[in-house]
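This is a predicted model, so every value here is computed, not measured. Below, chains carry the letters A, B, ... as their sequence lines are ordered, and counting in each starts from 1. When reading the values below, keep in mind they use all heavy atoms of this one structure, side chains included, and skip hydrogens, waters and symmetry mates.
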Amino acid sequence: MDTKRNDDNDDVHRRCKCKKTKCLKLYCDCFSAGFYCYEACSCKECFNLRDYEDEVQESRECIEERNPLAFSPKIHSLEGGDKLMPNVQKHRKGCICKKSMCMHRYCECYKGKVGCWSNCRCEGCKNVHGMKGGGKCDIMIGTSIRESGLDQNEFINRFTPQDKNGGDLKSSMNL
DNA sequence: GAGTTTGAAACT
DNA sequence: CAGTTTCAAACTC
Ligand SMILES: [Zn+2]
Ligand SMILES: [Zn+2]
Ligand SMILES: [Zn+2]
Ligand SMILES: [Zn+2]
Ligand SMILES: [Zn+2]
Ligand SMILES: [Zn+2]
């Protein structure tokens, strides 16, 4: 896996201010997104630079061993779904918000502009992109929005994702 | 910019 | 796996 050049980092205005982790842990937004740190960062003792390519790669491999999906996009499209809504996007692991009601960027679902769903363990969810609906995911693949009688957000919340092989969702997502 | 709040990541 | 700690982003002032 290639680490992206810091010039690209500038494009999305990503920057970090890490102080204690040398920008070699997922805490660091630059490292987590596969970018090197660059001038706009104000990190201390940064090792997330091309000069320390080996250290970066070593840390990546260590983290990937722990979690093979650590560097894959957290927001991803679910398989299946309604013909009219073929690409429902969700946060793979879901959030665990307890205090923010998923109304701020503290919530990774909200931050990713996707609704919460059955993988989320949030409390008092008020995510404007779609609230978690009581942990239910009872709309089966192939059901249309019209048939379900639900509005779009509620449909997405209750849509039951399924992989192409018809396998179990959790195993297909390595959860 | 400093201080607080928050929840993911890391650790045990 | 669950509980706790650590950490830096998001937020507030
Ligand atoms: Zn960093
Ligand atoms: Zn950085
Ligand atoms: Zn850095
Ligand atoms: Zn949330
Ligand atoms: Zn969520
Ligand atoms: Zn939520």
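Under a 3.5 Å cut-off, the side chain of A:Asn48 and the backbone N or O of A:Lys22 do not form any donor-acceptor pair. For the pair A:Trp117 (side chain) and A:Met131 (backbone), a donor-acceptor distance under 3.5 Å is absent.
Comparing A:Lys25 and A:Glu108 by the nucleotide of DNA chain B that holds the closest heavy atom to each, the one mapping nearer the 5' end is A:Glu108. Between A:Ile63 and A:Cys107, the residue whose closest nucleotide on DNA chain B is further toward the 5' end is A:Cys107. Nearest-nucleotide positions on DNA chain C place A:Arg121 closer to the 5' end than the other of A:Lys22 and A:Arg121. DNA chain C is contacted by both A:Lys111 and A:Lys20; A:Lys20 maps to the nucleotide lying nearer its 5′ end (nearest heavy atom per residue).
For the pair A:Arg15 CZ and C:dA8 C1', the computed distance is 15 Å after rounding to whole Å. Distance, A:Tyr110 OH to B:dG7 P: 14 Å, rounded to whole Å. Residue A:Phe31 contributes atom CZ, which lies 15 Å from atom C1' of B:dA8 at whole-angstrom precision. Distance CG (A:Leu26) to P (C:dA9): 13 Å, rounded to an integer number of Å. Rounded to whole angstrom, the span from the NE2 atom of A:His104 across to the C1' atom of C:dT12 amounts to 11 Å. For A:Glu45 and C:dC7, the CD to C1' distance is 15 Å, given to the nearest whole Å. Going from atom NZ of A:Lys19 over to atom P of C:dC7 covers 12 Å, rounded to whole Å. Distance A:Lys44 NZ to C:dC7 C1': 15 Å, rounded to the nearest Å.
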Intermediate values then yes/no, side chain to side chain contact (heavy atoms under 4.5 Å, CB included), A:Val128 and A:Met103: CA-CA 7 Å; A:Val128 296; A:Met103 297 172 71; 6.0 Å; no
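The shortest non-hydrogen separation linking A:Ile63 to A:Ala70 is CG2-CB, 3.7 Å.
Residue A:Lys74 is in sugar-phosphate contact alone, with no base atom involved, counting any heavy-atom pair closer than 4.0 Å across all strands shown. Among the protein residues, A:Cys28 comes within range of no part of the nucleic acid, since none of its heavy atoms lies under 4.0 Å from any strand.
Defined by atom type and a distance below 3.5 Å, a donor-acceptor pair is present between the side-chain atoms of A:Gln57 and A:Glu61.
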Give me the distances for all protein-to-nucleotides 3-6 of chain B N/O pairs that come in under 3.5 Å?
from	atom 1	to	atom 2	distance (Å)
B:dT5	O2	A:Tyr106	OH	3.3

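Listed candidates were B:dA9, C:dA10, C:dA8. Nearest to the side chain of A:Arg105 is C:dA10. For A:Cys18, the side-chain atoms get nearest to C:dA8 when compared with the rest of C:dA8, C:dC11, B:dA8.
Remark: A:Arg15 is not positioned above the aromatic ring of A:Tyr38, lacking an NZ or CZ atom under 6.0 angstrom from the ring centre and at most 45 degrees off the axis.
For B:dA10, the OP1/OP2 oxygens have a side-chain nitrogen or oxygen of A:Arg66 closer than 4.0 Å.
Applying the side-chain contact (heavy atoms from CB on, under 4.5 Å) test to A:Glu55 and every residue at least two apart in sequence or in another chain returns A:Leu24, A:Phe47, A:Tyr52. With sequence neighbours left out, A:Ser32 forms a side-chain contact (heavy atoms from CB on, under 4.5 Å) with A:Leu26. Applying the side chain to side chain donor-acceptor pair (under 3.5 Å) criterion to A:Lys126, with sequence neighbours excluded, gives no partner residue.
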Nucleotide-level pairing of DNA chain B, given in dot-bracket where Watson-Crick and G-U pairs need both distances under 3.5 Å and | marks other strands: ||||||||||||
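Here salt bridge (Lys or Arg N to Asp or Glu O under 4.0 Å) pairs that include residues 99-116 of chain A, with residues two or more places apart or in two chains, are A:Lys74-A:Glu108.
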